[in-house]
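Here the structure is laid out as structure tokens; the discussion comes afterwards.
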Amino acid sequence: MPDGGAGATVLERDRELVWHPYARLEDAAAYEVTAADGVTLTLSAPDGTTHEVIDGMSSWWSAIHGYRHAELDAALTAQAGRFSHVMFGGLTHEPAVGLAERLVTLTPAPLQHVFFADSGSVSVEVALKLALQYQTATGRAGRRRFVALRGGYHGDTAGAMAVSDPVDGMHAAFPGHLAVHLFLPRPPAARLRNGELVSDPEAVSAWVAVANELFERHAHEAAGIIVEPVLQGAGGMHVYAPECLIALRRLADRHGILLIFDEIATGFGRTGRLFGADWADVTPDVMCVGKALTGGYLTLAAMICRTEVAQALATTPHGVLLHGPTFMANPLATATASASLDLLGRGEWPGQVAGIQDALADTLAPARDIDGVRDVRVLGAVGVIELDRPVDLVRVTRTAVEHGAWLRPFRNLVYTMPPYLCTTADAETIGRSMVAAVAGILR
Ligand SMILES: *Cc1c(COP(=O)(O)O)cnc(C)c1O
């Protein structure tokens, strides 16, 4: 066993032993986390210094209630005291059924049936497989392709990668391996004005015309259309016109194509409404949720669908939905997720998210005057500074930590998606550290 030498730090032992996301083996982690409590992360730097910072990332948008939340801790440990995992084939348990009931209650009424997956990417795979099986069941087995959006992100497994943006999604790195799908242009941008998302009506009708045309030409070979409603996350933090979702609903209905909303990033209040779909009052045929589902405690996602879609599968040759993960509906994860949804159900989140939105709007505004800043946008508990060049990740991260916040920018985007229980002062600290970090690399 490599030990990195006697007295080696965790950071040293980590290096070349474990991979980090999208990294080379020899890329060092910047900090070791030694504690996480409320909205605060305690970080230990390579030089041995300790930094208490406000978490601007919610651990990749999942820890909406912060860390060591008393009620989530209690739900998790109570379930661990009963049993931690049992197989879901042939067996069931209260945590799974209780969570499914909550999800069906929370999501739009037609969504009635729940498939638990162990990560967001897997829930997307399940949604795609469901759509393919559904088309076979309804006598349209030739429909094997999907329509997706440029700039979309749906996960890192092969099926999910194939419906993510062809350039960002690194399709070129896997030639011949990924299915070739149909892509619509990125929908036109929208801005928050007096609580509504507004966009250029001409840009919207031009986009809808392109969508009409693509469906006219390709509907006969399309099983489903998958989009992140209103906010494209990892594909560019792009806020877009809700009218596009209304158009897609109409096109999906007209052409017998399933409309799949990937709410893994947008779900559970992040954009200021409970689901991204709520901005357009559109109900999809299939919805995927994940990330914040367990309040960031454990990995869990779900695919939720309409009754007629679920029932159609009975007439396929196999008669069943062909998926079943080992850790399906894990009791620790589903019990914690129920506790997280109960916290949301107390109804404090709209005020919290609105408070974060206001604080970010105020503190990020000065970034507009910095040369090299292309755009500043805020939607719900999401704040973004878009630059005209790629971000210097190391410098931005270090400057932000010096200013009291943890950020993890990507490409040309310095952004935050903080936990909902951030106070105004916390959100301002994050916003100011974003502006300082951006000023630091541009000036
Ligand atoms: C993060 C994300 C996924 C993938 O979820 P994982 O749990 O990382 O597999 C899929 N879709 C969207 C919109 C996401 O933000």
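Whatever order the structure lists them in is the order used to number ligands and atoms, beginning at 1. This one's a predicted model, so the numbers in the text were calculated from it and none came from an experiment. We use all heavy atoms of the structure for the numbers below, so side chains are in, but hydrogens, waters and symmetry mates are not.
Neither the backbone nor the side chain of W60 has a heavy atom within less than 4.0 Å of ligand 1.
Residue contact check: H154 has heavy atoms under 4.0 Å from atoms 10 (C), 11 (N) of ligand 1. Below 4.0 Å from some heavy atom of E228 lie the following atoms of ligand 1, by number and element: 13 (C). In summary, the atoms of ligand 1 found under 4.0 Å from a heavy atom of W61, numbered by their order in the structure, are 15 (O).
Nearest to atom 9 (O) of ligand 1 by heavy-atom distance, out of G235, C288, S121, is S121.
Using the six-membered ring where Trp is involved, W349 and Y420 have ring planes that are tilted, between 30° and 60° apart.
Formation of a donor-acceptor pair under 3.5 Å by the H238 side chain with backbone atoms of P187 is found in this model. Side-chain atoms of Q133 never come within 3.5 Å of backbone atoms of T316 as a donor-acceptor pair (strictly under, hydrogens ignored).
Where the criterion is an N or O separation shorter than 3.5 Å, residue side chain and backbone included, G120 meets it with respect to ligand 1. The N/O atoms of D262, backbone and side chain alike, include one that comes under 3.5 Å of an N/O atom in ligand 1.
If you check the side chains of D156 and Y22, you find a donor sitting under 3.5 Å from an acceptor.
Among D55, D37, D73, the single residue meeting the side-chain hydrogen bond (donor to acceptor under 3.5 Å, both in side chains) criterion with Y67 is D55.
Ring pair F327/F88: centre-to-centre distance not below 6.0 Å.
Distance from atom 1 (C) of ligand 1 to its nearest protein heavy atom, with residue and atom name: K291 NZ, 1.5 Å.
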